[in-house]
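Beneath this line is the structure, given in structure tokens, with notes to follow.
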Amino acid sequence: MGIEEEKYCTEYTGFEMMLVSACRQIKNDDIVFNAFHWPFLAVHMAKLLHCPDLFAVLEVGQFQDELPRPIKMPYSISDPVLVPNSLFVGDSIDALSILQRGEITIALLSTSMVDKYGNCNTTVVGPYEEPIYRLPGGGGATEIAGMAKRLIWLIDDHIKRRLPEKLDFITDPGYLEGFNSRIKAGYPPDTGPEVIVTPFCIMKFDPESKEAYLDALHPNISIEQVKENTGWELKIAKEVKQIDPPTLKEIEVCRQTMRDAIDQYFILKPEWTTYL
Amino acid sequence: MGIEEEKYCTEYTGFEMMLVSACRQIKNDDIVFNAFHWPFLAVHMAKLLHCPDLFAVLEVGQFQDELPRPIKMPYSISDPVLVPNSLFVGDSIDALSILQRGEITIALLSTSMVDKYGNCNTTVVGPYEEPIYRLPGGGGATEIAGMAKRLIWLIDDHIKRRLPEKLDFITDPGYLEGFNSRIKAGYPPDTGPEVIVTPFCIMKFDPESKEAYLDALHPNISIEQVKENTGWELKIAKEVKQIDPPTLKEIEVCRQTMRDAIDQYFILKPEWTTYL
Amino acid sequence: MPMKEAIEKLVHDDELVFFGGFGNGMTFSAAHEIIRQNKRNLKVTKCGGGIMFDQLIGAGVTNHIVTSHCWNGTGPQPAYNLRRSMEEGIPQKIIYNEQSLFMINMSFFAGYMGIPFVPIRSVVGTGIYDHPKEVGLKAARVKCPFTGEEICVVPAINPDVGVIQVQRADSEGNAQMWGLIGDTKYGINACKKIIVATEEIVDKKVIMESPERTIIGAHKVDAVVHEPWGAHPSSMQGFYYTDLEYRFKYAKETKIIEDWENWLEKWVTGVENRQGYLKVLGDKKINKLKAKPIIQGAVNYGY
Amino acid sequence: MPMKEAIEKLVHDDELVFFGGFGNGMTFSAAHEIIRQNKRNLKVTKCGGGIMFDQLIGAGVTNHIVTSHCWNGTGPQPAYNLRRSMEEGIPQKIIYNEQSLFMINMSFFAGYMGIPFVPIRSVVGTGIYDHPKEVGLKAARVKCPFTGEEICVVPAINPDVGVIQVQRADSEGNAQMWGLIGDTKYGINACKKIIVATEEIVDKKVIMESPERTIIGAHKVDAVVHEPWGAHPSSMQGFYYTDLEYRFKYAKETKIIEDWENWLEKWVTGVENRQGYLKVLGDKKINKLKAKPIIQGAVNYGY
């Protein structure tokens with residue numbers, strides 16, 4: 001192997017690839033809404049990798065541009081460790097004001113199910129009043145999805161029921177029924193889902209119809225594999241891009257981040273998806 | 001003279017009588033909105049006289065139930081002396097919330113002009129766009145007049161132009177056009193002006209028509225004197241009450257309060273009324 | 001006033017009850033006392049219901065929750081009593097009046113401000129906007145008279161009674177909180193009757209040392225309860241850290257109904273009060289969770 | 001960045017300018033620099049205009065004020081430049097878009113929240129509601145979709161540029177204020193361009209010692225100006241007291257136009273910057289106004 005190739009990692013999981021791929025979406029000058037669960041990990045990694053100055057806003061009204069020292073993964077948005085390590089602590093309305101004023105340039109959200117228009121369901125499988133599975137509810141994701149400029153969905157398992165054609169319930173708005181329906185519902189025109197990141201691939205959204213299509217493949221994944229495991233007739237980009245594997249540095253940071261998260265009781269085996 | 005009479009003061013000004021009379025309106029268990037200028041003095045006096053536990057709310061969102069020690073008259077609602085002597089310091093919206101939730105049981109306001117329905121003008125004499133005299137504007141008095149349960153107007157000169165039949169401009173709402181017009185405009189039904197205190201007398205409001213009438217006279221003032229100096233055909237209570245003169249204790253506290261206010265550059269000679 | 005007395009006096013069946021704290025400073029002690037007193041048909045509201053609401057559902061004291069989520073102990077999983085209730089009607093079917101986090105915050109804010117509604121730029125187009133149609137606190141749209149746009153508005157929530165857990169309060173009820181407050185200040189001030197539970201009772205002079213930390217004034221507080229560790233297993237900034245192990249185990253210990261019943265007996269119905277609860281928790285855990293001091297934030301208030 | 005440069009870069013003719021501070025922490029230094037740079041046709045807004053707006057009117061830089069009052073130095077008297085402008089058109093006739101104090105606060109709050117309006121329970125029936133019809137920021141009424149009541153709503157104000165004077169900020173613009181804030185936090189965050197003038201520049205670590213005191217984040221600040229005594233003759237909690245004597249004399253010194261012109265020359269146009277102004281003020285007065293320290297408000301932020 002050449003030197004160039006050596007800097008890439010060769011053994012890693014789909015979950016790790018998803019985190020690395022999501023983390024690469026963040027830029028150093030972004031103002032990121034740092035939401036709980038997988039996004040916490042991706043934002044943490046970005047901070048350690050290529051975004052040392054990243055300005056993060058959290059749901060209970062915190063600003064951060066530094067990680068707590070010694071580095072500690074907050075167990076949630078409401079971890080008290082965040083307070084003496086923040087530049088601002090307010091209340092939830094302060095956090096909402098930042099969203100509604102359009103100051104959040106990027107947000108990542110992990111979710112149970114995303115449909116082809118980038119809508120998300122964390123509420124219910126089956127009818128709302130007579131649920132087959134009652135999910136926990138969305139928290140602040142509704143507003144984050146509604147008002148962040150670039151929204152990145154994370155789905156940690158690329159299977160049909162996580163990526164259905166249509167949802168039983170929209171908890172967080174994507175492009176609703178596609179085309180201009182999101183704008184008609186009153187959401188700011190410069191907002192909306194930009195990509196869906198899964199262990200298999202990155203999907204983007206057609207500028208016209210707002211339907212998600214396959215844009216780029218993670219290494220060693222085939223177009224067929226993606227299509228077979230997606231809940232709708234997935235459209236494919238004319239030229240499907242190939243995503244680089246994690247670099248050695250990326251995977252090192254990723255795994256340390258996951259260990260830090262385990263220490264804080266993050267549920268890394270997402271067993272709850274088996275309910276779905 | 002008997003002992004009973006001796007406790008009353010015999011020499012005092014109409015301005016002092018107005019302050020004493022206003023101060024007597026406040027009860028120890030009131031939650032008072034403490035507005036700037038003459039009300040500051042009356043509330044200060046009440047605190048020193050018969051309301052040791054009085055809970056006061058100020059326009060920049062402060063709560064107080066103690067006077068600053070050593071006793072110091074704040075020069076205004078925004079005097080920094082108020083901060084380390086308050087139980088709460090918030091912002092102006094916090095103060096408004098207390099008003100709008102209906103928690104203020106009494107408020108005193110001093111003003112330039114009050115009409116027969118208890119409306120006040122601190123904006124303009126003449127047309128709004130082409131003023132004869134431009135007054136400073138009302139500040140927070142609009143909301144205080146709109147939402148305190150018992151509103152006490154202070155007028156420091158009982159003359160016709162300070163008590164006109166109709167105003168050129170309503171800055172702060174009284175009973176608007178009388179009868180139920182205040183309620184129709186959306187103000188809470190349990191709010192509105194209760195009395196007007198002047199150097200001459202106390203006026204109250206007819207429960208039906210909401211027109212101000214003479215209720216009680218300050219000592220040595222005649223009904224005629226009041227009628228002649230009021231800008232509308234003043235109605236008179238069936239039995240006009242006689243108000244006690246200031247007690248020696250009241251006048252002592254009143255004069256010390258005025259000296260404290262002078263030290264803080266309160267303009268005790270209200271020379272600006274000569275513009276009217 | 002002991003928590004027992006405060007709940008007896010101020011919380012009644014069928015009322016809408018607000019619980020303060022978002023992650024930090026959650027009012028677990030009050031919730032447990034409500035369970036012990038076997039209140040019925042309470043409506044309960046809280047920005048994030050979490051395992052506290054899961055317990056209120058499992059104990060059968062509430063049939064209607066108004067919240068943005070009901071997660072399990074440490075992550076975005078559904079809690080088991082919630083699932084049993086909604087999927088199987090055990091112990092009873094509840095109404096889950098689902099809100100978004102910021103929507104419910106704005107509803108509390110409207111309640112705080114004494115106004116009937118506040119606009120918000122989200123929710124339209126989602127199921128949260130459309131459901132549940134039958135239970136009141138539903139958003140609507142109005143036309144802005146200035147811009148002409150249609151915008152979502154959410155109604156004020158003014159609970160019958162509310163309870164918060166704060167770091168300190170004076171004996172009259174002037175209560176202070178710092179760190180992560182979430183919706184606590186707006187929610188509690190929107191309530192008609194108010195219970196303040198506090199880690200410490202302090203002199204009024206301490207309150208006046210940093211008056212910006214006061215979130216509610218004594219003039220509207222109905223009961224002050226001295227209740228150290230009242231927020232466990234959530235954190236209280238400056239006092240104790242979140243009991244992550246306890247919360248992590250909660251999911252396993254409540255997954256089947258028999259285990260839930262044991263859990264409830266062990267931590268709630270089998271103890272008399274918070275002191276009893278702390279005995280079950282044990283000194284070792286208590287010492288482990290105690291916050292290391294970081295005393296800071298003094299500024300010059302001089303004039 | 002010096003104030004001169006900040007105003008040159010960020011404040012332009014015809015813009016709507018927000019000034020922070022309500023009584024305490026008023027941005028006099030910025031207002032004076034705006035006068036020196038001879039800006040024209042500014043619209044200016046501030047919850048209470050006071051003598052700062054009187055000066056902007058007298059100097060002819062504004063033709064439109066949006067505020068709840070324009071008092072003289074120490075009490076509810078009208079200020080003289082305001083009167084000359086409105087009664088005699090000297091130096092020009094301005095539009096006084098009169099607001100109530102809480103109405104303008106709610107308008108700033110709506111701007112802060114990124115929503116087009118907020119309800120308020122006052123103003124209807126007053127002249128403030130009805131006038132001035134021609135200039136935009138006028139309240140309206142809408143029907144509440146929940147209660148059916150008609151309620152007053154006030155529009156959002158989002159100024160083109162805003163300036164605040166704070167106690168401390170870091171070099172990137174994370175700015176902190178304590179004590180009496182009034183409308184400052186909501187107003188400045190509603191602005192499109194932002195200037196932070198500060199008594200002290202501190203390390204980021206100092207900001208993080210009490211993060212609840214931060215009123216605006218660096219991510220949206222366009223200029224940080226190190227400007228000690230920038231709020232004189234208003235107070236700055238922990239730094240200096242209000243100069244009551246100066247404010248009291250202001251009324252006399254500006255009553256006739258010749259005196260006003262002398263006043264303006266002495267304190268504003270005749271000095272180069274705030275340092276020059278402080279020389280005119282003199283060390284004796286400066287020492288007299290300096291705040292005696294009251295260092296307090298530390299709490300335990302431990303976890």
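Throughout, protein chains are lettered first and strands after them, A, B, ... in sequence-line order, and every chain is numbered starting at 1. Since the model is a prediction, treat every value here as computed from it, not as a measurement.
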Legend entry - Interchain contact, C/Met106 with chain D, by part (heavy-atom threshold 4.5 Å): side chain
Inset, instruction - Please indicate whether C/Lys205 has more than 12 foreign heavy atoms, meaning atoms of other residues, nucleotides or ligands, lying under 6.0 Å from its NZ. - result: no
Inset, instruction - Apply side-chain contact (heavy atoms from CB on, under 4.5 Å) to D/Pro228 and list each qualifying residue two or more places apart in sequence or on a separate chain. - result: D/Glu199, D/His226
Inset, instruction - Taking atom NZ of D/Lys204 as the centre, report whether more than 12 heavy atoms of other residues, nucleotides or ligands fall under 6.0 Å from it. - result: yes
Inset, instruction - Please flag which part of C/Ser235 lies under 4.5 Å from any non-hydrogen atom of chain D: side chain, backbone, both or neither. - result: neither
Inset, instruction - Check whether C/Phe117 gets within reach of chain D through its side chain, its backbone, both or neither, counting any heavy atom under 4.5 Å. - result: both
Inset, instruction - Give a yes or no on whether C/Lys288 atom NZ has more than 12 heavy-atom contacts from other residues, nucleotides or ligands under 6.0 Å away. - result: no
Legend entry - Side-chain heavy-atom pair C/Pro116, D/Phe146 within 4.5 angstrom cut-off: no
Legend entry - Contacts with chain C made by residues 212-220 of chain D (heavy-atom distance under 4.5 Å), listed by residue number: D/Glu212, D/Arg213
Inset, instruction - Determine the option with the most heavy-atom pairs under 4.5 angstrom with chain C, choosing from D/Ala291, D/Ser210, D/Ala140, D/Pro119. - result: D/Pro119
Inset, instruction - Measure the CE-CZ distance between D/Met113 and C/Phe109 for me, rounded to the nearest 0.5 Å. - result: 7.5 Å
Legend entry - Proximal to chain C - members of residues 167-180 of chain D, heavy-atom separation under 4.5 Å: D/Arg168, D/Trp178, D/Gly179
Legend entry - Region of C/Val142 that comes under 4.5 Å of a non-hydrogen atom in chain D: side chain
Inset, instruction - Check for a donor-acceptor pair, side chain of D/Arg121 on one end and backbone N or O of C/Gly114 on the other, with a separation under 3.5 Å. - result: yes
Inset, instruction - Verify the neighbour count for atom CG of D/Asp283: are there more than 12 heavy atoms of other residues, nucleotides or ligands below 6.0 Å? - result: no
Inset, instruction - Measure the spacing between CD1 of C/Ile120 and CD1 of D/Ile115 and express it to the nearest 0.5 Å. - result: 8.5 Å
Legend entry - Sorted by number, residues from residues 293-303 of chain C in contact with chain D (heavy atoms, under 4.5 Å): C/Pro293, C/Ile294, C/Ile295, C/Gln296, C/Gly297, C/Ala298, C/Val299, C/Asn300, C/Tyr301, C/Gly302, C/Tyr303
